[in-house]
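A quick write-up on the structure given underneath.
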Amino acid sequence: MYRLPLALITLLALSGPVMATPSGTVTNTNSAQADPRLQRISALLARAPTLAAELQQLHTDGLLKTLNILPPEQPLQIAGRDRSAALVEGYILLTPGLLDSLEENARRRHHANADFALLYVIAHQAGHAQAAQQAHLQALSDRLTAQVHERGGDAVRADAGLLEAFATGMMEIEARATLVGWNHTLDAWLHHKGIACGPQENPDVSVQQVMAQTELLQQVPHARPLELAIGLDNGKALQMEAHGIALSEHNIAAVVTALRRMPQALD
């Protein structure tokens, strides 16, 4: 596992976290059979074949231990801020407040589906667990740590170029997880709608994919960076294909630009 960069992440000690996964994915526990929230997540992952396969591979590779729901009284803090979901040392952590907020958002928007909003959050955190993401974070951490040891903390804080590079690197990590999360959720959504997944030569299927993707944007409140990235001008707009979004340098840069306009979206 990577070392966390200069106490960017502070996690209070867990008091008996519970775990949930579908059969054959990551870990099966008795807790998942008793807790309806965990049963729900297990059922959702069973309907998301590419995400379930990704979670299983991450677990096999030793990059993901379990998916956890924290107890109601257990806060999740990262960089001094409360969070509703995070990847911390191999655990995908969710809070009960996140589940409640997604349900409330679905009720408020009437036609929204909280299931797929929750799938996106899980898929986004799975994106952070990928080896390339962790290697990128480790490299950023090592670079900043080396500068601290070489120059001292005050010198590093005064180095605007170094801090800007670090911030951009962190946003690129977030942008990749945003795209990975979206593609996994879209795959599950297309399965749910009975629409073929992946590139299609049939124009009718491609149109169905585009319409489904547009509909899914309205289902996922955490997809706001994608909406902003789609609206960029001067050739910088996110390039969405009918069946998903490519992890290209152009698209990552588009999402980074969107994140800079809404830094509160970073998690």
When rounded to the nearest 0.5 angstrom, what distance separates [atom1] in [X] from [atom2] in [Y]?
| X | Y | atom1 | atom2 | result |
| --- | --- | --- | --- | --- |
| M240 | L217 | CE | CG | 5.0 Å |
| L55 | T50 | CG | OG1 | 9.5 Å |
| L70 | L94 | CG | CG | 8.0 Å |
| Q239 | H250 | CD | NE2 | 3.5 Å |
| L87 | L63 | CG | CG | 9.5 Å |
| T185 | L51 | OG1 | CG | 7.0 Å |

What pair of heavy atoms forms the shortest contact from [X] to [Y], and how long is it?
| X | Y | answer |
| --- | --- | --- |
| A175 | L259 | N-CD1, 4.0 Å |
| A126 | I92 | N-CD1, 3.9 Å |
| S84 | L76 | C-CD2, 4.3 Å |
| A254 | A237 | CB-C, 4.3 Å |
| G127 | V180 | CA-CG1, 3.8 Å |
| A242 | Q213 | O-NE2, 3.1 Å |

Cluster link V210 to L186, ILVMFWY, side chain under 4.5 Å: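 V210 and L186: separate clusters.
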
Same apolar cluster (I L V M F W Y, side chains within < 4.5 Å links), L232/L228: no

All salt bridge (Lys or Arg N to Asp or Glu O under 4.0 Å) counterparts of R40, not counting sequence neighbours: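 E103, D115.
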
Can you find a pair of side-chain heavy atoms, one from [X] and one from [Y], that are under 4.5 Å apart?
| X | Y | answer |
| --- | --- | --- |
| L44 | I122 | no |
| L102 | H222 | yes |
| L118 | I41 | yes |
| Y120 | L216 | no |

Counterpart residues, ring pair (Phe, Tyr, Trp, His ring centres under 6.0 Å), relative to W189 (two or more places apart):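 Ring pair (Phe, Tyr, Trp, His ring centres under 6.0 Å) check on W189 returns F116, H192.
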
[X]: what forms a side chain to side chain donor-acceptor pair (under 3.5 Å) with it, not counting sequence neighbours?
| X | answer |
| --- | --- |
| T95 | none |
| D100 | none |
| Q208 | none |
| E54 | Q130 |

Among residues at least two apart in sequence or on other chains, which ones pass side chain to side chain contact (heavy atoms under 4.5 Å, CB included) with [X]?
| X | value |
| --- | --- |
| V207 | M211 |
| N183 | I245 |
| T168 | E164, E172, R260 |
| Q200 | A196, V205, S206, Q209 |

Derivation and outcome, side chain to side chain contact (heavy atoms under 4.5 Å, CB included), residues R109 and Q218: CA-CA 9 Å; R109 302 179 71 170; Q218 305 304 312; 3.4 Å; yes

Residues E174 and H128: side-chain donor-acceptor under 3.5 angstrom: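 Short answer, yes.
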
Check against side chain to side chain contact (heavy atoms under 4.5 Å, CB included), V220 and V121: CA-CA 9 Å; V220 181; V121 173; over 6 Å; no

Donor-acceptor under 3.5 Å (R83 side chain, L93 main chain): no

Exam field: side chain H59 to backbone L64, donor-acceptor pair closer than 3.5 Å: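 Yes, because the side chain of H59 sits within donor-acceptor range (under 3.5 Å) of the backbone of L64.
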
Pairs meeting criterion salt bridge (charged side-chain N to carboxylate O under 4.0 Å, His left out) with involvement of residues 232-256, two or more places apart: none

Any pair counted as salt bridge (charged side-chain N to carboxylate O under 4.0 Å, His left out), so long as it reaches residues 201-212, sequence neighbours left out: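 Matches after skipping sequence neighbours: none remain.
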
Member of I252, T257, N251 meeting the side-chain contact (heavy atoms from CB on, under 4.5 Å) criterion with L238: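 That would be N251; it is the only one of I252, T257, N251 passing the side-chain contact (heavy atoms from CB on, under 4.5 Å) with L238.
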
Criterion side chain to side chain contact (heavy atoms under 4.5 Å, CB included) on R261 and R224, from CA distance to verdict: CA-CA 11 Å; R261 297 182 180 182; R224 178 61 176 157; over 6 Å; no

